[in-house]
Amino acid sequence: MTFAVTSASEAVQVPRFAGELHHRVHEALAEIVGKRWVETDPAVLDTHAWQYIAEAVTGSHYMPRPVAIVLPANTAEVAAIVRLCNRLGIQYKAVSTAFGMWNAPARADQVVQIDLRRLDRIIRIDRDNMYAVIEPYVTGNQLQTEAMKVGLNTHIAGCGAQCSSLASATSMMGQGMDGVSMGFSNRNLLGFEWVTPDGEIVQVGSFDVAGDDFLGDGPGFSIRGIIRGFAGALGGLGVFTRAAVKLYPWYGPPAFEQNGVSPYYHLRIPDHHTAAVLLVNDWRGMAELGRRIGEAGIADHLTRNAPSLMAGAVTADNNEAVEVYRIPMLHEMYYNLIIVMTALHDDEARWRRKVLRKILSDLRGGMLSNDLSLGGTTALLGFVRTVARRIGWGGLLKSMPSFLKLMMRDAERFGWGAVPDGLPSMMYQAVVRAGMNMRGVFRFAGTFWTAMGSLVSWDNAIRGARVGAQVKAKYIRKGAIVDDGGDNAWGGLYEAGAYAHLEELCMYDQTDPACKEAVTEYVIETNLACIENHCGDSLNAVGPTAHVLFSPVCMDYDKFTARIKAEFDPNNSAEASFYTDPNFVPPEGAQARMAAVLADRAPVSVDNDHIPQEEVETRRATTRS
Amino acid sequence: MPDLIEQLHAEVPTLEIDRSSSLLRAIENDASGLKGAPPIAAVAPTDLHELQDLVAAARRIGLPLVPVSSSGEHHRGDTLSTRPTATVSMRHFRKILRVDRRNRVALAEAAVDFPEFTRAVHAKGLRPMLPLAPRPGKSVLGAYIEREPTIYPRFQWDMADPLLCLEVVFGTGELFRTGSAAGPGTIEEQWAAGDAQKNPMGPGQSDLMRVIQGAQGTIGIATWCSAKCEPLPSRETLHAVASKTIEPLVRVAYGLLRRNHADILFLANGHTLAALLASDRDTYLRALPAAADWYLIFSVSDPPEFPEDKLRYVWREIGGLLAAHGLAETATLPAGTTDSLYRRITRPDLSQGLPYWRRAGLPLVREVAFQTTLDRAARFFPAVEAFARTRWASSDVLAYVQPQIGGRVCHVEFDFAYAPGPPEHEVEREAALLGLARELRSLGAFFSRPYGPVTPVAFEKSSTAWIVPKVKRMFDPDGILSPGCLDVPERPRKQGGAHALQ
């Protein structure tokens, strides 16, 4: 798999655990945190080893076991554990909410897992200056719940509201459906506390003089550039124990009105808020739609979901999802964006809706929304016409019985009052609370992987989505992955459309060796396609295996990251299997696998017809000059 | 030292080298009143390859280099050196490589200044993110790479903005491009694929742009940058609110920032506004008596669609905000109007004949600037007022408060303009300014961009000080770049660390 690691250097530097050393580690850890907070029971260790896409490294659902799990209570204990590992010549890896194989060690019995769940406080929310100071185990959901009480909101990464906000900001990635108004996790980080790889506690930014973390840049250059890039070090460069993250205005109630029973909920869309599925006719329309909404500054959440993903997100089981996905109208809703617009009052809501309708009208598109005004109804007709252009009026008619059935089901669950805004309400919940991200991707086949997804211009992100879908079609034809229509690009725009991402999701059965093998090849092949078609450095460009591909075509970036690692972690104490390794040796069979991929490449043909022609001409002229 | 220049000439024969004494004398001083070691030459590479050759040769022969992108007089001491160096003038790097309206971005080489940049991006329907009336000759890249605040907090999502991607030659001689400019593909191939060097992050798992930015030229020499621009609105109006104290203005500013109603937004005292609008010292002094103590300056722009619908509620909200704090708009400003101020701060291309405002008509100026939050800004004023009264012997202090990152933090700046005096006064002045910096720091001032004598003050209490020399070494192992800048001594680590293993 792309992330699989075997490092000759690490094998030499890090001794395997002997019984005596094991005992010493256990005793020493207990001295730091107390016996209660050190765990070596294999059954408990395996609860940490069970990880999403563990099969990429081990072939099973489990990552290698850590030697022990230790639960420090504070930063001083974290630093003491890190210094202990440095002294003993062993490695450590910190986790907070721990979503994915990156959080676990890649080798068994050599790594102390530092579980940060006792550091779980929201230290403060500064309403005027719009930031929160948090500890590692604060989730997006918790922070959002508290922030909304004082009229603020927080960026929640695509991994979902159950994940740590601090981990996303300091150590992981940070795409999300609120990016258009709340950015990317990297860029939401202010000041922070860092236990360096060898155990020194530093306060990065303003804290040392101001006693507060309002800024993380300086004095002088910014250490934020050392600790992370588009992705973080994924545990490979010390431990982050406190961070300030930006918050954003929230023009909604302190809590939502919600009814229903898990997994079926209906949420009343707050006054002056709009939730809508926007539909246009082709990729060119999509390019314009995203660009114009970004520039207009009307959207709080803006995300693209392919029909299959939408069917997964709005339903609670696979039978229901397939039923929805088969509705001709939904099945063909490829050129869509889901939008949520909040507003302080009715005048603002009306202006935002009017602008949105104008953009859609210019693009011959429409929307299905909770806006039941005359304008909203006109836009709904535009939506219907847009669908009809794609599937014909016959297809539309065929969709009606299934739609009626869905409405009846909503009425049974939540009452007839909930029917008119049933779908918008579902979208609103999914997007604003980020609580349904995972059910759209895990449920179909067991797990999923993703590809492409570079942070680039919206035009280039669409290009990447089109490339990714063509590569994926080959694996669908082989029957190795779920047939989700091929194009299952999820993503959105960031910072008012300044940049964007679309990643090509791929759902598969992780218990089937043939599927696992095929998905490995899918990731390799999309990485190659990303490079060949100049679609940026993929979101899979993390860890030594990916750096082998991407670094040489991206200014040898890994050489510099490796320099940082060597300088700050001379003992290689922070487990860096998903970060950088200057002595990386590709895993056994990697060359053969690459050869297999190269021998059977998916045909990819992509042009820029989604970009208006005059723009392309300007670019060519500029390039020549 | 002169033989180093001969060696350099032998190594890079095509390199333009100027050793004329008048030029070198000009480089030795700047308008802060600080003095550096006399430079031994000024060199001007003509392209990237020559720059790489220069850095490689400088490493070989041990010639320190001080990169300079801006022209004209400098004001912060950041281009002065503690030892004899060659000044690297980037004046041949003056192309605007691209202005991309669709993606709201422009690429400019190191020596492109704000007037030229503004003209170019305006022509494509964009506006640049401007610092407050940058001085003549100030390089766009030079301002952005130093994290100079811009007057548009609404459009600043991150402290690094509006800087996006950079091309840089590190002190090692290695070439690098940051963010999405790194690849895959050449810049031209990326353009052809619809990309636009808009993502400042990465490549990979570090952000070297953030390490180059704020480093005062100690990490590498940048040749071009991509910079965020925003659409030029069809109409933008500037507004001013005056007050005896800053506190109510801060509350209004918070309201405007939270609602994203204002594009331009900053606070300034009467001295600053008078200096911005006056054409000379006399006009400035004549304007002061009528000036209010504090002003909030903000602009409101027409959105591209249905402006009348939006402006109706925007102005209703602004009216309510002002009334709630007992404030009202004022049309008159010291030495000008809101219209003249708008022109002054948004059109550097039309303001080239005006004097640099920070000097308030005097030959020299010392700037003391730091970061804090808006609600804390006022706590620093009594110390500065006392300092001006007792140690500076003049209340003629320019104060400027610039919200950043949408208002989450602010840049607070005090400018002390002065005329040169006898040498013994210089020592006294330096000691006094250092004392002020220490006092401000004790009150919580975060000197995130420390220059010259303030540098040790900024790092005295910083737990990250030890990281500075370590990182500088990674990218400039021979210490040839901007010696004396960000000069933080190596010191033993406080705890833990590799030594614990021995």
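Sequence lines set the chain letters: A, B, ... in the order given, protein chains first and strands last, and positions in each chain run from 1. Not measured: the values here are computed from a predicted model.
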Geometric class of the A/F560/B/F170 ring pair [parallel <30°, tilted 30-60°, perpendicular >60°]: tilted

Atom group of B/L443 that falls short of 4.5 Å from chain A, counting heavy atoms: neither

Ring-face cation contact, B/F306 with A/K354, 6.0 Å cut, 45° max: yes

Chain A contacts, top residue of B/Q197, B/R258, B/K461 (heavy-atom pairs, under 4.5 Å): B/R258

Part of A/F184 within contact of chain B (heavy atom distance under 4.5 Å): side chain

Contact class of A/S181 relative to chain B, heavy atoms under 4.5 angstrom: backbone

Among B/Q404, B/Q371, B/R449, residue most engaged with chain A (heavy-atom pairs, under 4.5 Å): B/Q371

Polar side chain donor-acceptor pair, A/D537 to A/S454, under 3.5 angstrom: no

B/T172 versus B/E174, side-chain donor and acceptor atoms under 3.5 Å: yes

Residue A/A80 versus chain B: region with a heavy atom under 4.5 Å: neither

Any donor-acceptor N or O pair under 3.5 Å, side chains A/E200, A/W194: no

Contact origin within A/M172 toward chain B - heavy atom pairs under 4.5 Å: neither

A/E288/A/R291 ion pair, N-O < 4.0 Å: yes

Pi-cation contact, A/F568 with B/K470 (under 6.0 Å, within 45°): yes

Any donor-acceptor N or O pair under 3.5 Å, side chains B/S482, B/T218: no

Options B/V471, B/L374, B/L208, ranked by heavy-atom pairs under 4.5 Å with chain A, top entry: B/V471

Closest approach of B/S301 to B/L311 (non-hydrogen atoms, all atoms of both residues): O-CD2, 3.9 Å

Proximal component of A/Y579, with respect to chain B [non-hydrogen, under 4.5 Å]: both

Toward chain B, the part of A/E532 with a non-hydrogen atom under 4.5 Å: neither

Atom group of B/A465 that falls short of 4.5 Å from chain A, counting heavy atoms: neither

Minimal non-hydrogen separation, A/C554 against B/P184, with atom names: SG-N, 3.6 Å

Side chains of A/N129 and B/Y254, donor plus acceptor under 3.5 Å: yes

Note: B/D100-B/R98 ion pair, threshold 4.0 Å (strictly below): yes

Side chain, backbone, both or neither of A/A461 within contact of chain B (heavy atoms, under 4.5 Å): neither

Interchain contact, A/L190 with chain B, by part (heavy-atom threshold 4.5 Å): side chain

Selection from B/D375, B/T373, B/T455, B/V409 maximising heavy-atom pairs under 4.5 Å formed with chain A: B/T373

B/D161 portion near chain A, given a 4.5 angstrom heavy-atom threshold: side chain

Proximal component of B/R177, with respect to chain A [non-hydrogen, under 4.5 Å]: both

Between B/E317 and B/Y313, a side-chain donor and acceptor under 3.5 Å: no

Heavy-atom closest pair, residues A/H534 and A/N460: O-ND2, 3.1 Å

When A/A496, A/A566, A/S551 are compared by non-hydrogen pairs under 4.5 Å with chain B, the top option: A/A496

Interchain contact, A/R463 with chain B, by part (heavy-atom threshold 4.5 Å): side chain

Spacing of A/T580 atom OG1 and B/Q205 atom CD [to the nearest 0.5 Å]: 7.5 Å

Donor on one side chain, acceptor on other, A/H345 and A/Y251, under 3.5 Å: no

Between A/P249, A/A498, A/A210, the one whose heavy-atom pairs under 4.5 Å with chain B are most numerous: A/A498

Interchain contact, B/R251 with chain A, by part (heavy-atom threshold 4.5 Å): side chain

Side chain, backbone, both or neither of B/P403 within contact of chain A (heavy atoms, under 4.5 Å): neither

Proximity breakdown for A/K559 and chain B, heavy-atom pairs closer than 4.5 Å: side chain

A/N571 and A/D198 side chains, donor-acceptor separation under 3.5 Å: no

Interface moiety of A/A233 toward chain B, non-hydrogen atoms closer than 4.5 Å: backbone

Region of B/E230 that comes under 4.5 Å of a non-hydrogen atom in chain A: neither

Portion of A/N533 that has a non-hydrogen atom of chain B nearer than 4.5 angstrom: backbone

Region of B/F176 in contact with chain A, defined by heavy-atom distances below 4.5 Å: both

Distance-only polar pair, side chains of A/W351 and B/E305, donor-acceptor under 3.5 Å: no

Donor + acceptor pair across side chains of A/D217, A/S222 (<3.5 Å): yes

Portion of A/R352 that has a non-hydrogen atom of chain B nearer than 4.5 angstrom: neither

Parallel, tilted or perpendicular: ring planes of A/Y248 versus B/W157, cut at 30 and 60 degrees: tilted

Most chain B-contacting option - heavy-atom pairs closer than 4.5 Å, from A/R292, A/K358, A/H610: A/K358

Among the listed options A/I227, A/D126, A/I223, A/D569, the residue most often paired with chain B at heavy-atom distances under 4.5 Å: A/I223

Residue among A/H547, A/M173, A/Q203, A/R228 with most heavy-atom pairs under 4.5 Å to chain B: A/R228

Max heavy-atom pair count under 4.5 Å with chain B, selected residue of A/D558, A/L344, A/I298, A/I462: A/L344

Most contacts with chain A, counted as non-hydrogen pairs under 4.5 angstrom, among B/R104, B/R316, B/R473: B/R104

For chain A, the option from B/K198, B/R408, B/R147, B/M201 that forms the most heavy-atom pairs under 4.5 Å: B/R408

Which atoms of B/P303 approach chain A - backbone, side chain, both or neither, heavy atom under 4.5 Å: side chain

Side chain, backbone, both or neither of A/N186 within contact of chain B (heavy atoms, under 4.5 Å): both

